[in-house]
Protein chains: 2
Amino acid sequence: MATETLTINEAAETTGWSPRMLRYIESIGLVVPERSPAGYRLFGAGELQRLRTLRELLNDHDVALGEVGFALRLRTEASLSDAVDAWLQARPVRPQGTTAADWLKREQAKHMRLLGLATGGSS
Amino acid sequence: MATETLTINEAAETTGWSPRMLRYIESIGLVVPERSPAGYRLFGAGELQRLRTLRELLNDHDVALGEVGFALRLRTEASLSDAVDAWLQARPVRPQGTTAADWLKREQAKHMRLLGLATGGSS
DNA sequence: CCGACCTTATCACGGTCGTGTCAATGTTGG
DNA sequence: CCAACATTGACACGACCGTGATAAGGTCGG
């Protein structure tokens, strides 16, 4: 049978995050492992993968943990997302020639790309 | 002729932001006024409006200036936006019964709502 | 020409973020 | 049973955020 979960120290070892940071990352809701009956964190393959890609995300683009946390908030709090979108929408994007319609087209294309993975699939 | 622009102190007066904060808000790209030939900031009606709604945005939802700045970055840096979206997408949203397909449906609906303003219009 | 305004740059200060470390306590397995 | 591990909570520390204040200088209008 598979001992498919790692303890926090083992997870720290294989992901490069410190145990302290694994707890912190959990506290801001980014990677939340299951718990054993006694309350021990159990890191599965999925968690480990996301911890590694999280590190890449922070390195590649210049993003902070709190900012990813905010992106998550945008994802889960629809009213917040709408309010922010509305405010940004009303901005006259200084650089040349980016009309509202123009931007909407690109925005739409982007989401089509993302959603297409599911909507275009088998029914 | 319309003296339709305010100086920074006047803008500060009518928006409630301090002159210092108006410069700071400009530095993070949120509200960027035009400049006079001599380099004076010129706040028009649009800027004033957005400064007021910005204050509401921060008060109503619990958001920081830097976070709105990050949302702006998400809006302008497509590669960043895609990377963050991809990472968040791979998260197994702990709460009950929220399957990936389920979430995609809602996500799609939300954007339909937003994009509908343009796509649903006259063609 | 001069006072009232604008500009940028800098120092300061409390608050939060990211992170380590330590203490006090609970759990596990040989 | 006990050593090795886990848990939460707290203190600490450098770095940056939000904000005010102040300095050194440019611009404007009467």
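We use all heavy atoms of the structure for the numbers below, so side chains are in, but hydrogens, waters and symmetry mates are not. Every chain is numbered from 1 and lettered A, B, ... according to where its sequence line falls, protein lines coming before strand lines.
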Interatomic distance where [atom1] belongs to [X] and [atom2] belongs to [N] [whole Å]:
X: B:Glu10; N: D:dC28; atom1: CD; atom2: P; answer: 15 Å
X: A:Asn9; N: D:dA3; atom1: CG; atom2: P; answer: 19 Å
X: B:Arg23; N: C:dT10; atom1: CZ; atom2: P; answer: 15 Å
X: B:Leu6; N: C:dC5; atom1: CG; atom2: P; answer: 15 Å
X: A:Glu26; N: C:dC17; atom1: CD; atom2: C1'; answer: 18 Å
X: A:Tyr24; N: C:dG20; atom1: OH; atom2: C1'; answer: 14 Å
X: A:Leu54; N: C:dG18; atom1: CG; atom2: P; answer: 11 Å
X: B:Ile28; N: D:dC16; atom1: CD1; atom2: P; answer: 16 Å

Q | Steps toward salt bridge (Lys or Arg N to Asp or Glu O under 4.0 Å) verdict (B:Arg35, B:Glu26) | A | CA-CA 12 Å; B:Arg35 296 298 190 107; B:Glu26 174 181 7; 3.4 Å; yes

So, is [X] close to the [N] phosphate, meaning a side-chain N or O under 4.0 Å from OP1 or OP2?
X: A:Ser36; N: C:dT27; result: no
X: B:Thr7; N: C:dC6; result: yes
X: A:Arg35; N: D:dT8; result: yes
X: B:Arg41; N: C:dT7; result: yes

Q. Between D:dA6, C:dG18, D:dG20, which nucleotide gets closest to the side-chain atoms of A:Ile8?
A.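 The listed nucleotide nearest to A:Ile8's side chain is D:dA6.
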
Q. Does any donor-acceptor pair link the side chain of A:Tyr40 with the base of C:dG26 at a separation under 3.5 Å?
A.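 Such a pair exists between side chain and base.
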
Q.
Is there, by distance only and without an angle test, a donor paired with an acceptor across the side chain of A:Arg20 and the base of C:dT21 below 3.5 Å?
A.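 Check passes, donor-acceptor contact within cut-off.
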
Between [X] (side chain only) and [Y] (backbone N and O only), is there a donor and an acceptor less than 3.5 Å apart?
X: A:Gln49; Y: A:Gly46; value: no
X: A:Glu77; Y: A:Leu74; value: no
X: B:Arg41; Y: B:Glu34; value: no

Q | Contacts of type side chain to side chain donor-acceptor pair (under 3.5 Å), residue A:Thr53, not counting sequence neighbours | A |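 Per chain and number, A:Thr53 pairs via side chain to side chain donor-acceptor pair (under 3.5 Å) with B:Trp87.
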
Q | Nearest-nucleotide 5' precedence on DNA chain D, B:Gly66 against B:Ala38 | A |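 Upstream on the strand: B:Gly66.
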
